[in-house]
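For the numbers below, each heavy atom of this structure counts, side chains included, while hydrogens, waters and symmetry mates do not.
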Amino acid sequence: MTRHLDPDETGLKRAAEMLRRGGLVSFPTETVYGLGADASDDAAVARIFDAKGRPSFNPLIVHLPDAEAVEAYCVMDDTARRLAATFWPGALTLVLPIRPYAGISRLVTAGLDTLAVRVPDHPLAQALLRETARPVAAPSANPSGRVSPTTPAHVLAGLGGRIEAVLDGGPCGVGLESTILDCTGVTPALLRAGGLPAEAIEACLGLPLAPPAPTPATAPSAPGQLSSHYAPKGTVRLDAIETEPGETYLGFGPLGAGMNLSRSGDLVEAAANLFDCLHRLDALGAERIAVAPIPDHGLGRAINDRLRRAAAPRR
């Protein structure tokens, strides 16, 4: 049975104790709910892959409370430090060279010599990381390839009975996973669009991000790079102006009188609502889903990235 933990001192202490003992605890971040385990514990990390049904070649993100903690595990150059100072805590993951003898499970890195790290901007996540005093590996708390969770109910619907607990922090504010940058080259490369717009990162750096290298189908360098991902149970058709027979419509702006990501056309609101709407479509039993066009700038790039992966052929 998966326990529901309140966001108080008792709940935090119980969640931290579970993590230190090798348990799996889902906790809120500003992006989505993560499925946490002690990143230094091979057995605990292996349980993440088992609970999610996640391919073992897919790396995990490690969550830490601040940039100083990150530097204990990773090598940060001046560019990485500038990004950390500007955007952490926040919805940005950096892929960095891992330090020798960092003590991180090789299952977390999928055997690579890099580590994906993030400092979440959620008070409950911050409190849990400090209380646990361990690096916490935490992919999204959903079955692999399915829609990411933004509420405790979403977590329980997908992983109830397979994990120890859910720490309840209410709905997530951003609603999209973090933006991921590869910081191992001369110029950072965008590996995954996410809750931090690429335009903001480029403004900070004063230069455009490098394009990512092609991702081998069985050797991604960071989470969220598999072609089929974030998928509801039904098939998805994108850029739909109107529905075809048998389709359920997910609208945006003036398109779609029923379920709508943002009637005002606000991309921030649409990002926050995306995964919840996909969960609702699953609950409705929608077998064919048509999605209205989404502008491809700012957070729209991340929304479209998730929708393209949701619409990709299933493996």
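The only option from T114, L83, T79 that meets the side chain to side chain contact (heavy atoms under 4.5 Å, CB included) definition with C183 turns out to be L83.
Looking only at atom types and distance, the side chain of D168 has a donor-acceptor partner in the side chain of H4 under 3.5 Å away. When only modelled atom types and interatomic distance are considered, S140 and E177 share no side-chain donor-acceptor pair under 3.5 Å.
Within the structure, salt bridge (charged side-chain N to carboxylate O under 4.0 Å, His left out) pairs that include any residue of residues 79-92 comprise E71-R81, D78-R81 (at least two apart or interchain).
R20 places none of its side-chain heavy atoms less than 4.5 Å from the side chain of D38. In this structure the side chain of T31 never reaches within 4.5 angstrom of the side chain of S148, judged on heavy atoms.
Between R288 and E244 a salt bridge is recorded (basic side-chain N to carboxylate O distance below 4.0 Å). Between R301 and D305 there is no salt bridge, since no side-chain nitrogen of the basic residue lies less than 4.0 Å from a carboxylate oxygen of the acidic one.
Taking the six-membered ring where tryptophan is involved, the planes of F27 and H63 are perpendicular, since the angle between them exceeds 60° and thus also 30°.
The 12-atom threshold is exceeded at CD of E202, counting heavy atoms of other residues, nucleotides or ligands nearer than 6.0 Å.
Heavy atoms only, all atoms of each residue included: V45 and S105 are closest at CG2-CB, 4.1 Å.
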Before you tell me yes or no, could you show the steps for T184 and D182 under side chain to side chain donor-acceptor pair (under 3.5 Å), namely the whole-Å CA-CA distance, both residues' side-chain angles and the distance that decides it to 0.1 Å? CA-CA 6 Å; T184 62; D182 181 350; 2.6 Å; yes
Do R306 and R192 pass the side-chain contact (heavy atoms from CB on, under 4.5 Å) test, and can you show the C-alpha distance, the side-chain angles, and the key distance before you say yes or no? CA-CA 10 Å; R306 302 307 187 274; R192 179 180 75 183; 3.7 Å; yes
